[in-house]
Amino acid sequence: MKSTVSILCTGLNKTELESARACVSHLTIHERPCDADQLMENVVDPAPAFIFCGTETGDLPPNEVAQLLRSVYQDAQIHFLSSQRETFKRDLLVKNGFNDAYLVPIENGILKDAVTLRLAEMNAGPAKSYRSVSLIDIAPDTTLTFDVFVYLPMNGKHVRFSGANEAISKERSDRLRKHQMQSVHVKTDQMPAFYKFTADQLKKLDGTPMSDTERKERKQKAVRELLSQMFSTDSATDFSKGQELVKDCNEIIKSYVVGEDGKNSWYEKIMSHSGEAGGSYSHSTNVATFAALFSLGLGIGKPEELAMAGLLHDIGLADLPPDIQQKKEDELTPEERMVYQQHPEYSVNMIKSRRLVVSEKVVRAISEHHERFSGDGYPKQLPGDRICLEAQVLGMADVFADLMQLESGRARVTPMQAVKQMIDECAGNPSHAQFDLSLLRRLANLFPSSLQQAEELTA
Ligand SMILES: [Fe+2]
C-alpha cells in the first residue's frame, strides 16, 4: 500500500528518475514538467514531503527552480539529483537553496537513508530500521528516552535490551563491553530522541565536543564530500586541488589508524565497525578501516597507505554506465561483467587524472584488489606470487567488509565468522583460493580467544 506521503519529481532524466523510484518506492510520486508555469499552477495537494529536481531543468537554472519550488512548498525538503558527475557541485547547489544534492546512482543509499530518517522524524514510517550507535554514548545509570536493542548475529534478531524510561545499569553496560559489543542499536524513528539524549549528556561534560556516534557520522559525511569532489572534472586541471584532496584523505585516515581516543585495540575497532549503518560510501570507509587495521595486525605495508587505498579502491565504479552501477555483481550479463571488471583500472585512471599524489603501493593495491591468489581474479588474472601483499590485504578487507555489511538493518556475520568463512572457502577449494591461506590464518590468530568466547556467548 502506498503511503499518504508524496514526492514531487521534476526535471529528472531517466537515470535520476530510476534512482528516485528506487529510493522512495513506497511513496506516491507526482511528476511535473520543469516549467515555471506548470510548477506554479499545477500544485500538488496535499503538499509533498520531498521534491526531487534533476539536471533537465530546461531554460530555468537550478537555483531558480529551487527558489520557485520553495515559494510554493515551504515545508518540503528539496533535493537535487544529478547523474552528471562532471558538472556536479554539491556546495553550490546547497548554497542555492537545495536541502541537499546527490550524485546518482552512486549515492542512492545515502538518499534512501535521508528519506527514511526524515519520514521517521515526521512519524510517517515505515521506519522499522535500526541505526547502530556507540555504546559509550549511552551513559549508564541514566534514564533513557529510547529503546536500546542488541543484535544477535546467530539468530539474526534485534533483541530489546532496555526500554524507554529505563536506565542501563553500570553492571549491564560492562557486561556488554566484556562481550566486545561496542555498538548497540536504536530504531530509526527514535534517533531524534537519541541525539537529544546525547546532546544533554555532553552538556554536562566539559570539553567533550561530540558523541562517538556523531563523530562516526561526520566521518562518513567527510568521505562523501571528498569522493564526490573527486568525481567532478573541475579538479582534473588543478594540481593544488589534487593535493588538497590528498590532504583531506590523510586527515580522515588519521582517525582510522590512530582513532580519536587512541586507546582501543585494533580488534575492538573492528567490533565497533561491525553493524555500522549503511550508506553508499560506507563500504569505502569500512574497507579503509579494515585494511588499515589488518595492515597493523599483520605487519604488512603502511596502515595509512592501506587506508588510502581502501578509501579510493572503488571510485572507478562511478565511471561505469548507470545501468551496470545499479545492478549487483551477480546480476550482470557476461558482457556487462567484462565492463564491470575494468573498474580497478578506472579507479587508477581517476586518481591519475585528478593528479592525486599517492604512492606507487597505493596505486598497485587498487589496481590488483580483485586479483585472486589462485589466478582467477581480474582484470589481469595475476597468480598469487605476482599480487603485491598490500593488494592481498586490501582484497581481504574488501571481501571481509562485504561479508559484514548490513542487510536489512543487521550484520550478516560477526567478524570472526567472516574470517572463518574466508578460511573455509579457501581451504575447501584450494585451486580457486581467493587468498593466501597462511595470511588468513594469521589474521584469525589476531582475534583474541575472549572475542571468540564472546561470540559463542551471544550465539
Ligand atoms: Fe572493487
Side-chain angles (χ1 to χ4, degrees), residues 15 55 82-91 101-110 220 222-253 279-288 291 304-327 329 332 336-371 377-380 388 390-391 394-395 397-398 401:
T15 304
T55 50
S82 168
S83 60
Q84 316 289 320
R85 73 168 179 79
E86 287 86 357
T87 52
F88 179 70
K89 287 197 183 70
R90 176 178 298 111
D91 291 358
Y102 299 84
L103 193 60
V104 293
I106 203 160
E107 292 189 339
N108 280 7
I110 296 176
Q220 291 278 353
V223 170
R224 179 186 174 203
E225 295 291 334
L226 187 82
L227 294 187
S228 57
Q229 275 185 55
M230 217 165 285
F231 296 142
S232 155
T233 39
D234 269 13
S235 48
T237 48
D238 185 350
F239 183 66
S240 63
K241 186 81 186 166
Q243 279 180 314
E244 218 172 275
L245 286 172
V246 172
K247 207 175 123 226
D248 291 346
C249 282
N250 280 321
E251 281 303 311
I252 293 171
I253 284 161
S280 308
Y281 298 122
S282 66
H283 180 70
S284 302
T285 58
N286 286 346
V287 174
E304 56 277 19
E305 287 189 335
L306 261 305
M308 177 75 85
L311 264 188
L312 304 178
H313 72 292
D314 271 347
I315 52 170
L317 290 175
D319 272 347
L320 295 173
D323 46 332
I324 296 186
Q325 283 185 47
Q326 278 166 321
K327 283 188 183 177
E329 208 177 332
L332 298 172
E336 288 171 334
R337 188 176 303 273
M338 276 169 64
V339 178
Y340 176 84
Q341 292 187 344
Q342 301 303 310
H343 81 262
E345 287 165 353
Y346 292 175
S347 295
V348 169
N349 290 344
M350 204 184 284
I351 289 169
K352 291 192 171 154
S353 68
R354 302 292 174 269
R355 301 195 185 194
L356 298 188
V357 182
V358 294
S359 76
E360 200 42 46
K361 286 277 187 217
V362 172
V363 172
R364 234 186 115 183
I366 292 172
S367 70
E368 296 172 10
H369 79 270
H370 283 292
E371 300 292 352
Y378 60 84
K380 291 186 178 151
C388 75
E390 284 82 353
L394 180 61
D398 191 19

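A quick note: this is a predicted structure, and the numbers were derived from the prediction, not measured. In what follows, residues are counted from 1 in the order of the sequence shown.
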**Q** Minimum heavy-atom separation for Phe88 and Ser82, please, with both atom names.
**A**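 In terms of heavy atoms, the two residues are closest at CD1-CB, 3.6 Å.
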
**Q** I need the Glu390 CD to Leu306 CG distance, nearest 0.5 Å.
**A**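 If we round to the nearest 0.5 Å, Glu390:CD and Leu306:CG are 6.5 Å apart.
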
**Q** Taking atom OG of Ser83 and atom CD1 of Ile106, what is their separation to the nearest 0.5 Å?
**A**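 Here the rounded value is 12.5 Å.
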
**Q** Which atom pair, heavy atoms only, marks the closest approach of Val287 to Ala397?
**A**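 Smallest heavy-atom distance, with atoms named: O-CB, 4.0 Å.
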
**Q** State, yes or no, whether a side-chain contact exists between Leu317 and Tyr340 at a heavy-atom distance under 4.5 Å.
**A**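 Side chain of Leu317 against side chain of Tyr340, heavy atoms only: contact under 4.5 Å found.
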
**Q** Can you tell which of Arg85, His343, Gln325 makes a side chain to side chain donor-acceptor pair (under 3.5 Å) with Asp319?
**A** Arg85

**Q** More than 12 foreign heavy atoms under 6.0 Å from NZ of Lys380: is that the case here?
**A**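 For Lys380, atom NZ is not crowded (no more than 12 foreign heavy atoms under 6.0 Å).
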
**Q** Calculate, to the nearest 0.5 Å, the distance between atoms SG and NZ belonging to Cys388 and Lys361 respectively.
**A** 6.0 Å

**Q** Closest approach of Tyr102 and Glu107, non-hydrogen atoms and distance?
**A**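 Looking at all heavy atoms of both residues, the closest pair is CA-OE1, 3.2 Å.
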
**Q** Could you go through Asp323 and Glu336, starting from their C-alpha distance and side-chain angles, then the distance that decides it, and tell me whether this counts as side-chain contact (heavy atoms from CB on, under 4.5 Å)?
**A** CA-CA 9 Å; Asp323 46 332; Glu336 288 171 334; 4.3 Å; yes

**Q** Where do Leu320 and Val339 come nearest, in terms of heavy atoms and distance?
**A** CD2-O, 3.6 Å

**Q** Which value, rounded to the nearest 0.5 Å, describes the distance between Leu312 atom CG and Leu356 atom CG?
**A** 6.5 Å

**Q** If you round to the nearest 0.5 Å, how far is CE of Met350 from CD1 of Ile315?
**A**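 Spacing of CD1 (Ile315) from CE (Met350) equals 5.0 Å.
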
**Q** Looking at Pro379 and Ser367, what are the two nearest heavy atoms and their distance?
**A** CD-O, 3.8 Å

**Q** Quick one: sort the His313 and His283 rings into parallel, tilted or perpendicular, breaks at 30° and 60°.
**A** tilted

**Q** Locate the shortest heavy-atom distance separating Ala307 from Ala288; write the atom from each residue and the value.
**A**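 So the minimum-distance heavy-atom pair works out to O-CB, 3.4 Å.
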
**Q** Which distance, rounded to the nearest 0.5 Å, do you find between the CG of Leu394 and the CD of Glu371?
**A** 12.0 Å

